[in-house]
Amino acid sequence: YLVRALPLKDIEGKIVKWYGTNTDVHHQKELEQQKDNFLGIASHELKTPVTSLKAYAQVMEAMFKRSGDLKNADLLGKMNKQVDRLTSLIKDLLDVTKINAGRLQFNNAGFDFNEMVEEVIEDVQRTSSKHIIVKKLNFNKEIFGDRERICQVVTNLLTNAVKYSPDANEVIIYTEDHNTTVQVCVQDFGIGISKEKTDHVFEQFYRVSGNKEHTFPGLGLGLYISSEIVKRLNGRIWVNSVVNKGSTFCFSIPVRQEIPF
Ligand code: ADP
C-alpha cells in the first residue's frame with residue numbers, strides 16, 4: 001500500500017488531525033507484471049516464425065537471382081527488408097522485457113571504436129540517400145565494453161536522425177575522444193522536439209504526439225533501450241533540440257567497463 005497523509009493544523013500550527021489515503025499499489029504492480037510477461041511471451045513466440053521466414057526469403061531471393069529472374073529477385077529483396085524491420089521491432093520488444101526483468105546481458109571485450117561507428121554508418125547509409133557526414137573520427141580508440149550494445153545505441157540515434165529529418169540532405173555524426181570517455185553526437189536538421197517533450201523521449205513507449213505519428217513508424221522504444229544501455233555502461237545520454245531546426249542526441253561512455261556483467 002502507498003500511504004499518503006496530510007496533517008490538519010490549528011492556528012498555532014499544532015497537528016490536530018491527519019487526513020490519509022491508502023492506494024492499493026499491489027494491484028498496479030500485478031498488472032505491470034502481467035504486461036511484462038505478455039510482452040516477453042509474445043515477442044519470443046513471434047521471433048521463431050519470423051526467423052524462418054527470413055531464411056526462406058533469402059534462399060528464394062538468391063534462387064531468382066541465379067536464374068536471372070530479376071523482377072522476382074527484386075520483390076524478394078523488398079520482402080527481405082520488411083522481414084528485417086519486423087525482426088528489429090521484435091528484438092526491441094525482447095530487449096525491453098529483459099530490461100524490465102533486470103536480465104539484459106552484457107558481453108565485454110576490447111574492440112576498435114572507430115571501426116564500429118563506421119560499420120553503423122555504412123549500414124544506415126545503405127538504406128538512406130541522405131549524406132551521412134562523419135567528423136573527428138581521426139582517433140584510434142580501442143575500447144573495452146559490449147560492442148553489440150554500443151553499436152545498438154549508435155544505430156538507434158543515427159536511424160532516428162535520418163527518420164525525423166525527411167526534408168534534410170544530411171546528418172552529421174561527431175565522435176570525440178575525451179581520454180577516459182568517448183562521446184558520440186548525432187545531429188540532424190529535421191522536425192526537432194519541443195523543450196517540454198525532450199524530458200520524456202527516453203521513456204518506455206513514449207512518442208511525441210502531433211508528430212503525424214503515422215508518417216514516422218516506430219514503437220517508442222529505441223531511445224528507452226539506448227538510455228538503459230548507456231546507464232548500465234555508467235555513461236550519459238542527452239539531447240538538445242529546437243522545433244523545426246533539428247536535434248542533437250549525444251552519449252558518452254567510459255572507455256573501459258570495469259565491472260564485469
Ligand atoms: P520511435 O522512433 O520508434 O518512435 P524512439 O524511442 O527512438 O522511438 O524515439 C521516441 C520519440 O522521440 C520518437 O517517437 C520521436 O517523437 C522523438 N524523436 C527521437 N529522435 C528524434 C529526432 N532525431 N528528431 C525528432 N524527434 C525525435
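Note that ligands are numbered from 1 as they come in the structure, with each ligand's atoms numbered from 1 the same way.
Looking at ligand 1, you won't find any N or O of Tyr224 less than 3.5 Å from one of its N or O atoms. Ligand 1 has no nitrogen or oxygen under 3.5 angstrom from a nitrogen or oxygen of Val201. By the 3.5 Å distance cut-off applied to N or O atoms, Gly222 is counted among the residues near ligand 1. The shortest N/O to N/O separation between Gly192 and ligand 1 does not fall below 3.5 Å. For the pair Ile191 and ligand 1, the shortest N or O to N or O distance does not fall below 3.5 Å.
Counting heavy-atom neighbours within 6.0 Å of His44 NE2, excluding the residue itself, gives a total of 12 or less. For NZ of Lys130, the number of neighbouring non-hydrogen atoms (other residues, nucleotides, ligands) closer than 6.0 Å is greater than 12. Counting heavy-atom neighbours within 6.0 Å of Glu148 CD, excluding the residue itself, gives a total of 12 or less. The neighbour count for His27 NE2, taken as heavy atoms of other residues, nucleotides or ligands under 6.0 Å away, does not exceed 12. Annotation for Lys91: atom NZ does not count as buried by contact number, only 12 or fewer foreign heavy atoms lying within 6.0 Å. Taking a 6.0 Å sphere around NZ of Lys245, one finds it holds 12 or fewer heavy atoms contributed by other residues, nucleotides or ligands. More than 12 heavy-atom neighbours from other residues, nucleotides or ligands sit within 6.0 angstrom of CE on Met116.
Between Phe202 and ligand 1 there is no heavy-atom distance shorter than 4.0 Å. Using a 4.0 Å cutoff on heavy atoms, Asn156 does not count as a contact of ligand 1.
Atoms of ligand 1 found under 4.0 Å from any heavy atom of Leu221, numbered from 1 in the order shown, are 6 (O), 8 (O). Residue-ligand proximity, Gly220 to ligand 1, at heavy-atom distances under 4.0 Å covers atoms 1 (P), 3 (O), 4 (O), 6 (O), 8 (O). Less than 4.0 angstrom separates some heavy atom of Gly218 from each of these atoms of ligand 1: 3 (O). Residue contact check: Leu219 has heavy atoms under 4.0 Å from atoms 3 (O) of ligand 1. In summary, the atoms of ligand 1 found under 4.0 Å from a heavy atom of Tyr206, numbered by their order in the structure, are 10 (C), 11 (C). Of all atoms in ligand 1, listed by their number and element, those nearer than 4.0 Å to a heavy atom of Lys163 are 1 (P), 2 (O), 3 (O). When each atom of ligand 1 is checked for a heavy atom of Ser247 under 4.0 Å away, the hits are 22 (C), 24 (N), 25 (C).
Comment: Glu115 engages Arg147 in a salt bridge, judged by a side-chain N to carboxylate O separation of less than 4.0 angstrom. Taking 4.0 Å as the cut-off between side-chain N and carboxylate O, Lys29 and Glu32 do not count as a salt-bridged pair.
When non-hydrogen atoms are compared, ligand 1 lies under 4.0 Å from neither the backbone nor the side chain of Phe216. In Ile193, the part holding a heavy atom less than 4.0 Å from any atom of ligand 1 is the side chain.
Here the two rings, on Tyr206 and Tyr224, have centers that are 6.0 Å apart or farther.
Closest heavy-atom approach to atom 6 (O) of ligand 1 within the set Ile225, Thr159, Leu223: this belongs to Leu223.
Taking the six-membered ring where tryptophan is involved, the planes of Phe216 and Tyr164 are tilted, since the angle between them lies from 30° to 60°.
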